[in-house]
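Here's the structure we're looking at; comments come further down.
Note: hydrogens, waters and symmetry copies are ignored here, and every other heavy atom, side chains too, is used.
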Amino acid sequence: MTNQSTSLSAGASCGTSQIAGCRFSLHPMDDQFVSLLKGAIEQADTSKIWRFTDDVSTCVRGREIHVFDVVKAMVLHTAKTGAHVALNATFSIGCPGDTEGDAYMTEDDIRLNEPDVKDLSQYVSSQFALYPMGDPDYMKTIMDQVAVAEKHGTLKKGVHYASGLHGDIHNVFATLEEVFANAQQSKSSHIVMTVNMSINSPSHQEEK
């Protein structure tokens, strides 16, 4: 697959595209990290999204439901080996000029990876930060979504520049997906959400 960079055409504005995307890096702290990463990519079904992997990160784009489905699957396929894994991810929707890969926007709602990962239980500790671009009431939008995390029972604590989430990975991802979707109902036309996640860390025994 060739690199497909997105160019911003003159006059393009935020909110003109409903293509969701995520650029993420997985870091298995294991001598076999190459095989772990390749295995995760091979095991995840990416047929409903656009994907490109380079020497730094992987970018997936398409319908929001399938972007989250693929990212969670790749994380789980890496973490199920028992390796200590770190995830760094940036989710985005409404990016100006984001039109490449729009052929995937006609896909249905069936999550292709969920049947293979739904029974994989995995504790995670994570932090997320929400950026509702151009929203004059951005703090209210952010705090409303922190309340969503509290409702899910995944909210750990607030930290500088982020909110902590922890618990089973399925609950944490359900929280993140709901937060991301809810934020789109705000006055913002471009939503960015950053996520950092730690899995299989020795320190987690004290957190559970």
Rounded at 0.5 Å granularity, tell me how far [atom1] in [X] sits from [atom2] in [Y].
X	Y	atom1	atom2	value
Ser92	Phe180	OG	CZ	6.0 Å
Ile169	Leu76	CD1	CG	4.0 Å
Ile65	Asp109	CD1	CG	4.5 Å
His27	Met197	NE2	CE	13.0 Å
Lys157	Leu165	NZ	CG	12.5 Å
His66	Ile49	NE2	CD1	10.0 Å

Using a 6.0 Å cut-off, check whether atom [atom1] of [X] has over 12 heavy atoms from anything other than its own residue.
X	atom1	result
Glu114	CD	yes
Lys187	NZ	no
Met143	CE	no

Is there a donor-acceptor contact under 3.5 Å from the side chain of [X] to the main chain of [Y]?
X	Y	answer
His170	Val117	yes
Thr175	Ala149	no
Asn200	Ala83	yes
Glu150	Val146	no
Asn88	Ser25	no

- Partner of Cys22 under side chain to side chain contact (heavy atoms under 4.5 Å, CB included), chosen from Val67, Val195, Thr58: Val67
- Let me know which of Ile191, Thr194, Thr90 forms a side chain to side chain contact (heavy atoms under 4.5 Å, CB included) with Tyr131. Thr194
- Query: Which is it for His84 and Asp30 under the side-chain contact (heavy atoms from CB on, under 4.5 Å) test, yes or no, and what are the steps along the way?
  - Reply: CA-CA 7 Å; His84 180 189; Asp30 188 283; over 6 Å; no
Do the side chains of [Y] and [X] get nearer than 4.5 Å, heavy atoms only?
X	Y	answer
Ile199	Leu87	no
Glu42	His77	no
Asp108	Lys48	yes
Asn113	Met74	no
His190	Cys95	yes
Thr141	Ser188	no
Ile41	Arg51	yes
Gln127	Lys156	no

- Please assess Leu26 against Val85 for the test side-chain contact (heavy atoms from CB on, under 4.5 Å), listing each intermediate value before the final yes or no. CA-CA 7 Å; Leu26 279 165; Val85 178; 3.7 Å; yes
- Message: side-chain contact (heavy atoms from CB on, under 4.5 Å), that's the test. Do Arg23 and Asp54 meet it? Break it down for me.
- Response: CA-CA 11 Å; Arg23 181 168 292 280; Asp54 57 29; 3.9 Å; yes
With the 4.5 Å side-chain cut-off for hydrophobic clustering, are [X] and [Y] part of the same group?
X	Y	answer
Tyr138	Leu130	yes
Met139	Val179	yes
Leu112	Val60	no
Tyr161	Leu155	no

- Query: Would Tyr104 and Arg61 satisfy side-chain contact (heavy atoms from CB on, under 4.5 Å), going step by step from the backbone distance to the final call?
  - Reply: CA-CA 8 Å; Tyr104 295 96; Arg61 296 162 62 251; over 6 Å; no
- Message: Quick check: closest heavy atoms across Gln184 and Glu64, and the distance to 0.1 Å?
- Response: NE2-OE1, 2.9 Å
- Task: Look at the aromatic rings of Phe173 and Phe68 and report parallel, tilted or perpendicular, splitting at 30° and 60°.
- Result: perpendicular
